[in-house]
Each structure stands twice: as structure tokens, then as C-alpha cells.
Amino acid sequence: MDNRPIGIMDSGIGGLTVARVLHETYPEEGIVFLGDTKRNPYGERSRDDIVRFSFAIKDFLKEHQVKMILIACNTISFNVPPAFFEEDIPVIKMSMEVKMPEDAKRFAVFATPATIATHAHKAYFQKKYPQLDFVEVPCDGLAAAIERNADENTLSALVKQAAEEYHALDADTAIWSCTHYPLIADVFRKVLPKVRFLDPALPTVETGMDILRAHDALAGAMQEKVFYFTEGLENSAPLVKKIFGDVKVEKGALTL
Ligand code: DGL
């Protein structure tokens, strides 16, 4: 048994979609969440910036004595160097192990420009499912628009523009490889009604929890959940309360 919290990191509110799955599947686990809303969007920054900010978030979480870190951000997961994962606690990146429908033919990866630039998903999916047509869809400006709570027309236009430009309009299956995107699942489904969307949040959480279970390190009783954001609590706090109820939402500062 280990009652220390699980650290969860993202560039902003997107990581809440992974924290939500953890909360639904393991409600007793404590959470320390840090969303770097001040420096969002990471997906439109240089790799150097992404790496520097990510190490600072990891330090913040370690100072809060977490027993594991879930990187609830694809942009961080696939841009940080191997050294980022070398810790005496597990550091878990976003999974790609989604359940592919048997009749999938044309598969699209929706992600930030910085995630697509790594081609990590392309390498994984083309190797695992060589029979699929595969398209990468970098969604310029979308995570930032979600972060600032843009209206539905703006969000739809951004999704549509990216899907058109990168030939995803005729995809039948897609993965949300940015944790912000499940927050606007309805918008994606309206713009692309024939597409089945897959969310890697659950396999990500399961990967981490399997490790904790194997080390007998699950929480033994209900633990506290605290959510830190580096800026903009007026947008993030209502969303946190809507998902998690009456939990602490506070301003956190990174040491850069
Ligand atoms: N939520 C992040 C992801 O999964 C990135 C959003 C951003 O661009 O900051 O990629």
C-alpha cells in the first residue's frame, strides 16, 4: 500500500481528460496535477522549450512526493529525451495501445504540430497495422482554442480545416493524440460523423496502475486531489470542479 499521490502533468487543461479516467477507475488515488496554462500551447513551441518546461513540471511534481508521474500530454511524451524517464518512480508516457476496430481501413492521428513532427505515431501504427491507410493531422491552433474556451464555430472550423488539409475527411477511424481533444469530442463527432474516435487515456492509466499494483503501491484509502495551474484559474477551476467535485484548485509556479 502506498498513499502518496500520483503526479499528472500537461501543458494545460487537456491532462484533465487523463486525470478523469484515473478518478473514474481508481477513485481512491490521490492526485497532484500541474497544468502549465501560462506557457500553453506546447504543441506550437520548439523542442527545446517543450523539454525545458517539462523538466520543470516534473521537478514540481517530485517536490510533492508523488509515487508515479503520468505524462498526460502527447507533446511532452514524444518530445522529451530518454533521460526524462530515468527516475526512481515510474514516469509513464501517453499510450498508443488503442483497440483498433477490425474493419478500420483509413486511420487518422489528430495531434499537435509538435507531436506530429516526431512521427512517433506514424512509426507505431504503420508497423503494427501495415494494412491501414494512415494520415497524420497536425491541428494548428486547436489546443490553444480549447484552452481559451473558444466557441463551437471556431473549434469546428479548426477541426474541419485540419481534416480537409491533411486528407482525413474520409477516414473511418481516428485517435485523439492530444489530451485536449476529448474535451471537444462532440465537435469532432459533428464535423466528422463517420469517424470512430479512439482515446488513449485508459490504456495510459492502465499502464501506470499495473506497475503500481505489481509493487503493491495502490492507495489504501481515499486520498486528496489537488489541481495546480500556472495561470488562468478562472477557466480551469470550473472545469476541474465539474469533473472532480469539491477538490482544491490552486495557482502553482514552476522554477525555470
Ligand atoms: N495536451 C497536449 C497534448 O496532449 C498539448 C497541448 C498543447 O499544445 O499545449 O499534446
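All ligand and atom numbering here is 1-based and tracks the order in the structure. Basis for what follows: all heavy atoms, side chains included, without hydrogens, waters or symmetry-related copies.
Residues E136 and H121 have side chains that never bring a donor and an acceptor to within less than 3.5 angstrom of each other. Donor-acceptor pairing under 3.5 Å is lacking for the side chains of T204 and T207. Side-chain polar atoms of D36 and Y42 form a donor-acceptor pair below 3.5 angstrom. When only modelled atom types and interatomic distance are considered, N40 and S11 share a side-chain donor-acceptor pair under 3.5 Å. No side-chain donor-acceptor contact under 3.5 Å links T179 and T17.
Looking only at heavy atoms of the protein, atom 8 (O) of ligand 1 is closest to G43 N, 2.8 Å. The single protein non-hydrogen atom nearest to atom 2 (C) of ligand 1 is C73 SG, 3.3 Å, given as residue, atom name and distance. For atom 10 (O) of ligand 1, the closest non-hydrogen atom of the protein is T75 OG1, 2.6 Å. Counting protein heavy atoms only, atom 3 (C) of ligand 1 is closest to N74 N, 3.3 Å.
For ligand 1, one of its N or O atoms has an N or O atom of N40 under 3.5 Å away. Considering backbone and side-chain atoms alike, H180 places an N or O below 3.5 Å from some N or O of ligand 1.
Aromatic ring centroids of F55 and F84 lie under 6.0 Å apart. Remark: aromatic rings of F107 and Y129 are distant, center separation not under 6.0 Å.
No heavy atom of G12 sits closer than 4.0 Å to any atom of ligand 1.
Under 4.0 Å from ligand 1, not a single heavy atom of I76 appears. Counting heavy atoms closer than 4.0 Å to ligand 1, residue A143 contributes side-chain atoms (C-beta onward) but none from N, CA, C or O. At a heavy-atom distance under 4.0 Å, atoms from both the backbone and the side chain of T179 approach ligand 1. Using a 4.0 Å cut-off between heavy atoms, C178 contacts ligand 1 through both its backbone and its side chain.
Atoms of ligand 1 found under 4.0 Å from any heavy atom of D10 (numbered from 1 in listed order, with element): 1 (N), 2 (C). Atoms of ligand 1 found under 4.0 Å from any heavy atom of S11 (numbered from 1 in listed order, with element): 5 (C), 6 (C), 7 (C), 9 (O). Contact atoms of ligand 1 toward Y42: 7 (C), 8 (O), 9 (O) (distance under 4.0 Å to a heavy atom of the residue).
With salt bridges taken as basic N to acidic carboxylate O contacts below 4.0 Å, one links E87 and K58.
K251 forms no cation-pi arrangement with F229, by the criterion of a distance under 6.0 Å to the ring centre and an angle within 45° of the ring axis.
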